[in-house]
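The block underneath contains the structure these notes are about, expressed in structure tokens.
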2 protein chains.
Amino acid sequence: MLSKKTKYGIKALTFLARQDSSKPVSIATISKSENISVKFLESILLTLKKNGILGSKKGIGGGYYLLKNPKDVPMTTVMRILEGPIAMVPCVSLNYYEKCDDCPDEDKCAVHRLMIQIRDNSLKVFRNTTLADLTN
Amino acid sequence: MLSKKTKYGIKALTFLARQDSSKPVSIATISKSENISVKFLESILLTLKKNGILGSKKGIGGGYYLLKNPKDVPMTTVMRILEGPIAMVPCVSLNYYEKCDDCPDEDKCAVHRLMIQIRDNSLKVFRNTTLADLTN
DNA sequence: TTATTATCCTAGTAATCCGATAGGGTAATA
DNA sequence: TATTACCCTATCGGATTACTAGGATAATAA
């Protein structure tokens, strides 16, 4: 299941991608438009900022804005920041690999081989989709 | 993340698919071979039985066995029984559809459209993979 | 300068889910 | 009739999730 954090994060990012990029948008504005709790959204935008996706400005007229052109933000990046690994099991994860305790030989593991296929297909979609693609 | 329940379930099923189909295999046997806790495995096999994947036999020489030919058991079926919906969000689920509270128009929702692609790709893999494919 | 606005940051918390275990009951076989 | 092995319900600690509280900090406007 996709977490609400990721869901809200993607919604907020596409909202920002649709705006005039020069002007910051306040949390309150995004919150109202996308029906997301202010406080929860706050924490999500903060992690996006800490990970170099968003910039921010304080005070009156302040808010968040995209640091890059939407077409240069692939969904792999967004997913990894908000959701964590794209793979369904750690033993097939590219960025968060972990060996299974119970599995003596990954190459012979049915789950492993199946989940590699799922991962590859998901990666293809996330890599080929940018924020710009989602604004239309 | 794939639950351990599903992971163990797939492992147990492929183990059974490799056996002489006429003979039941005990929980203890599968448990030892696949490094799965007996009690946990017990509950997993029981749900697979209740959902028509496995048959069972009690008493000495008893155990579980596949009710169908492994090549007639697609992973879509196994996943839906053990893991639940294949989609990452209920609003794109074929078998467990649910509308989002926050989303006024699914067709205009970025998350919705992205997750449809992910679902379609995963479905393709799970549909085209049977238990027989996983035994090799 | 100071009041206002809006982000920054740490903590906490209720609810839910997960993985596993307990402890019997029931049916089949020897 | 004893043993084996599945059947079934209930529980439970720990982790995660989806928030919420409450104040600190910085920028702007008066």
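Proteins come first, then strands; the chains are lettered A, B, ... in the order of their sequence lines, and each starts at number 1. Hydrogens, waters and symmetry mates are skipped; everything else that's a heavy atom, side chains included, is used.
- At a cut-off of 3.5 angstrom, counting only N and O atoms as typed in the model, there is no donor on one side facing an acceptor on the other between the side-chain of E42(A) and the base of dC19(D).
- Out of dG19(C), dT29(C), dT20(D), the shortest distance to the side chain of S37(A) is found at dT20(D).
- Residue A28(B) is the one, among A28(B) and K5(A), whose nearest nucleotide of DNA chain D lies closer to the 5' end (criterion: closest heavy atom).
- In the hydrophobic clustering of this structure, I118(A) does not group with L2(A); members are Ile, Leu, Val, Met, Phe, Trp, Tyr whose side-chain heavy atoms approach within less than 4.5 Å, directly or through other members.
- One can place CG of L48(A) at 14 Å from C1' of dT7(C), the figure rounded to the nearest angstrom.
- In this model, the phosphate group of dA6(C) is not approached by any side-chain N or O of Y65(A) to a distance below 4.0 Å at OP1 or OP2.
- Nearest to the side-chain atoms of I60(B) among the listed nucleotides dA20(C), dT3(D), dA21(D) stands dT3(D).
- Look at CG on D101(A): it is 15 Å from C1' on dA20(C), rounded to the nearest Å.
- Taking atom CD1 of residue I30(B) and atom P of nucleotide dC6(D), one finds them 8 Å apart after rounding to whole Å.
- For dG19(C), neither phosphate oxygen OP1 nor OP2 lies less than 4.0 angstrom from any side-chain nitrogen or oxygen of Y8(B).
- The side chain of K58(A) approaches dA26(D) more closely than any other nucleotide in the set dG19(C), dA26(D), dC6(D).
- Considering K4(A), K32(A), K11(A) as possible partners of D102(B), the one that fulfils the salt bridge (Lys or Arg N to Asp or Glu O under 4.0 Å) test is K11(A).
- Distances from the side chain of F40(A) to the nucleotides dC6(D), dT9(D), dC19(D) place dC19(D) closest.
- For K39(A) and dG22(D), a side-chain-to-base donor-acceptor distance below 3.5 Å is present, hydrogens and geometry of angles not being considered.
- The shortest distance between the side-chain N/O atoms of S56(A) and the OP1/OP2 oxygens of dC8(C) is below 4.0 Å.
- Put simply, CD on E83(A) is 11 Å from C1' on dT17(D), counting in whole angstrom units.
- Whole-Å rounding puts the L41(A) CG to dT7(C) P distance at 9 Å.
- Judged purely by atom type and a 3.5 angstrom limit, R80(A) has no side-chain atom pairing as donor or acceptor with the backbone of I86(A).
- In this entry the distance linking CG of N35(A) with C1' of dC19(D) reads 16 Å, nearest Å.
- The list of ring pair (Phe, Tyr, Trp, His ring centres under 6.0 Å) pairs with a residue in residues 17-69 of chain B, not counting sequence neighbours, reads Y8(B)-F40(B).
- Nucleic acid contact for K50(A): sugar-phosphate only, since backbone atoms but no base atoms lie under 4.0 Å from a heavy atom of the residue.
- The NZ atom of K49(B) sits 8 Å away from the C1' atom of dC7(D) (whole-angstrom rounding).
- Each of M88(B) and V89(A) belongs to its own hydrophobic cluster when Ile, Leu, Val, Met, Phe, Trp and Tyr are linked at side-chain heavy-atom distances under 4.5 angstrom.
- Counting any heavy atom pair closer than 4.0 Å across all strands shown, I27(B) reaches sugar-phosphate atoms only and no base atom.
- Residue I36(A) contributes atom CD1, which lies 13 Å from atom P of dT20(D) at whole-angstrom precision.
- Closest contact between the side chain of K57(B) and the listed nucleotides dT29(C), dC9(C), dC8(D) involves dT29(C).
- Note: the hydrophobic cluster containing F126(B) also contains L13(B) (ILVMFWY, side chain heavy atoms under 4.5 Å, direct or indirect links).
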